[in-house]
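So the structure is just underneath, and the comments pick up after that.
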Amino acid sequence: MEHRKEGWSILGFGCMRFPMKNGSIDLRETQREIACAIKYGVNYFDTAYVYKGSEKALGIILAKNNWRNKVILATKLPHYLIKSTDGAEKMFREQLSRLQTDYIDNYLMHMLPDVHVWNKLVRMGILDWLEEKKAAGQIRKIGFSYHGGTGQFIELLDAYHWDFCQVQYNYMDEHSQAGRVGVEYAAKKGIPVIIMEPLRGGRLTKDLPPKAEEIFKEARPQRSPAEWGLRWLWDQPEVSVVLSGMNSIKMLKENIRIANTVKTGEITKKDKEMFQKVKNAINEKIKIPCTGCSYCQPCPAGVDIPGVFRCYNVRYTDNFFVGMREYMMCTTLRAKRTNASLCVKCGKCEKRCPQKIAIRKELENVSRHMENPIYKTVAFITKRMFRN
């Protein structure tokens, strides 16, 4: 299997969705899958403190089979749950215990939302703590995972000499989230890029509109929607690792097969036209025709207009709960919120919008439909969490 950066396999094992049995992680089946992955060259394993049971299960399996030195182990610090470096230390020690190891290869700030939160963590002393861990060999590389817009992602990349980063990226999010611009910017800085949600949690393989499914069926060579989605990512040399939450041997072997046959630059002009047709078919369900160009930015009131519109559209292209989750992550879980109701109706955005979208009216719609009582509760808790 190809290894593009740092000796990491281009296919990574996302450990959030280990197979379950009777309400708990099925250790026997999980071990079988991990054994298969390692056998065929997968060496990057990604877990997190908040993935229920995942760190512990992974630790048991790696220790039992003496596989620790065969893998790159990545896990994450939920900075939003700590208030001091003492809290970070306690959590880190718990992670080492769960994973049955004395070092972490890749340690991420989990869901780091923007540079303001990072600066708050730095003032707390997290940077010194991380550097001490790195100097002691307990952490090999420091990175962050991110959900949000391109501009804030680039600000984060410039805020520290990161060893790597992790973003949501797929053919539907090419011009949203960190986007192609953000991925290419990271690569130019020499920062390896790890991809999560390559198929939007499987929604780009199932629940596709019939029209999109038909476009894939007519494409040549014949490939599943999942294979096309993965190849779209691996076609880009800026992509270092694509994480997949593989919870069956069948899925694992299929992804390994694809990973072993891809090469950069293989997506043709005709293929790109096919992807655009698929995107158009999916986007027929969207409510706001925003392309994510960001000409409307910056907003004087701080609204992330493209990000807000993307999350609102996801509510209709995917489902309500996914849209709400992304709206909260991308606008609310920040030191400075960027949600729709911050709009002061100045109209500057509309003068710059190439699509001639009635932005002020649409932001009202977003606020009315997305900022419900659940949102307001999360916003209140977040405000207290990020209070200086």
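Keep in mind that this is a model prediction, so the values were computed, not measured.
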Rounded to the nearest 0.5 Å, how far apart are [atom1] of [X] and [atom2] of [Y]?
| X | Y | atom1 | atom2 | result |
| --- | --- | --- | --- | --- |
| Ile61 | Gln100 | CD1 | CD | 10.5 Å |
| Tyr146 | Gln152 | OH | CD | 4.5 Å |
| His3 | Ser240 | NE2 | OG | 12.0 Å |
| Leu342 | Ile305 | CG | CD1 | 11.0 Å |
| Arg310 | Cys330 | CZ | SG | 5.0 Å |
| Asp173 | His147 | CG | NE2 | 10.5 Å |

Going by distance alone, is a donor N or O of one side chain under 3.5 Å from an acceptor N or O of the other, for [X] and [Y]?
| X | Y | result |
| --- | --- | --- |
| Arg200 | Thr205 | no |
| Asn255 | Ser244 | yes |
| Ser341 | Asn339 | yes |
| Tyr327 | Glu371 | yes |
| Gln276 | Asn280 | yes |
| Glu94 | Tyr49 | yes |

Cationic N near anionic O, under 4.0 Å, [X] to [Y]:
| X | Y | answer |
| --- | --- | --- |
| Asp235 | Lys263 | no |
| Lys21 | Glu29 | no |
| Arg231 | Asp271 | no |
| Lys133 | Glu89 | yes |
| Arg4 | Glu2 | yes |
| Glu174 | Lys279 | yes |
| Lys270 | Glu273 | no |

Cationic tip of [X] within the cone over [Y]'s six-membered ring, i.e. under 6.0 Å and within 45° of the normal?
| X | Y | answer |
| --- | --- | --- |
| Lys285 | Tyr316 | no |
| Arg180 | Tyr169 | no |
| Arg68 | Tyr103 | yes |

Residues Leu230, Leu11; criterion side chain to side chain contact (heavy atoms under 4.5 Å, CB included); working and verdict
CA-CA 10 Å; Leu230 293 174; Leu11 174 62; 5.9 Å; no
Evaluate the criterion side chain to side chain contact (heavy atoms under 4.5 Å, CB included) for residue pair Leu58 and Leu62; output intermediate values, then yes/no.
CA-CA 6 Å; Leu58 188 56; Leu62 294 180; 4.0 Å; yes
Closest approach of [X] and [Y], non-hydrogen atoms and distance?
| X | Y | value |
| --- | --- | --- |
| His79 | Leu112 | NE2-CA, 3.8 Å |
| Gly182 | Thr150 | N-CG2, 3.9 Å |
| Ala281 | Ile215 | CB-CD1, 4.3 Å |
| Pro192 | Gly190 | CD-O, 3.4 Å |
| Cys343 | Arg360 | SG-CG, 4.3 Å |
| Met1 | Tyr40 | CE-O, 3.8 Å |

Partner of Thr75 by side chain to side chain donor-acceptor pair (under 3.5 Å), out of Arg98, His110, Glu55:
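When side chain to side chain donor-acceptor pair (under 3.5 Å) is applied between Thr75 and each of Arg98, His110, Glu55, only Glu55 qualifies.
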Does CZ in Arg257 sit with more than 12 non-hydrogen atoms of other residues, nucleotides or ligands closer than 6.0 Å?
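Result for CZ/Arg257: enclosed.
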Are more than 12 heavy atoms, taken from residues, nucleotides or ligands other than Arg28, located less than 6.0 Å from that residue's CZ atom?
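Count not over threshold, so no.
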Flag the pair [X] / [Y] as yes when at least one side-chain heavy-atom distance between them is below 4.5 Å, and no otherwise.
| X | Y | result |
| --- | --- | --- |
| Phe309 | Leu363 | yes |
| Glu227 | Phe216 | no |
| Gln297 | Asp304 | yes |
| Lys134 | Lys141 | no |

So which of Phe13, Phe164, Trp8 actually passes ring-ring contact (aromatic ring centres under 6.0 Å, His included) with Tyr44?
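So the option named by the test is Trp8.
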From Phe153, Phe144, Tyr160, residue fulfilling ring-ring contact (aromatic ring centres under 6.0 Å, His included) relative to Trp118
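Looking at Phe153, Phe144, Tyr160, the match for Trp118 under the ring-ring contact (aromatic ring centres under 6.0 Å, His included) is Tyr160.
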Is there a side chain to side chain donor-acceptor pair (under 3.5 Å) between Arg368 and Asn365 once you walk through the steps?
CA-CA 5 Å; Arg368 183 168 61 254; Asn365 289 334; 2.6 Å; yes
Could you go step by step and tell me if Phe92 and Trp129 meet the side chain to side chain contact (heavy atoms under 4.5 Å, CB included) rule?
CA-CA 11 Å; Phe92 182 71; Trp129 179 81; 3.7 Å; yes
Determine, stepwise, if the pair Val239 / Val193 fulfils side chain to side chain contact (heavy atoms under 4.5 Å, CB included).
CA-CA 6 Å; Val239 169; Val193 181; 5.7 Å; no
According to a hydrophobic-cluster definition based on side-chain heavy atoms being under 4.5 Å apart (Ile, Leu, Val, Met, Phe, Trp, Tyr only), do [X] and [Y] belong together?
| X | Y | result |
| --- | --- | --- |
| Met324 | Met329 | yes |
| Val241 | Ile34 | no |
| Ile72 | Met16 | no |
| Ile258 | Leu233 | yes |

CA sep, side-chain torsions, deciding dist, call: Thr338, Thr331, side chain to side chain donor-acceptor pair (under 3.5 Å):
CA-CA 5 Å; Thr338 59; Thr331 72; 5.0 Å; no
Taking the six-membered ring for Trp and the single ring otherwise, decide whether the centroids of Tyr171 and Trp228 are under 6.0 Å apart.
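Aromatic pair excluded; centres sit 6.0 Å or further apart.
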Residues Glu362, Tyr312; criterion side chain to side chain donor-acceptor pair (under 3.5 Å); working and verdict:
CA-CA 10 Å; Glu362 295 295 359; Tyr312 184 59; 5.8 Å; no
Could you walk me through whether Asn65 and Gln31 pass side chain to side chain donor-acceptor pair (under 3.5 Å), step by step?
CA-CA 9 Å; Asn65 295 280; Gln31 178 173 299; 3.3 Å; yes
Checking Asp158 against Lys189 for the salt bridge (charged side-chain N to carboxylate O under 4.0 Å, His left out) test, could you report, in this order, the C-alpha distance in whole Å, the side-chain angles of both residues, the deciding distance, and whether it holds?
CA-CA 9 Å; Asp158 290 338; Lys189 288 177 69 75; 3.0 Å; yes
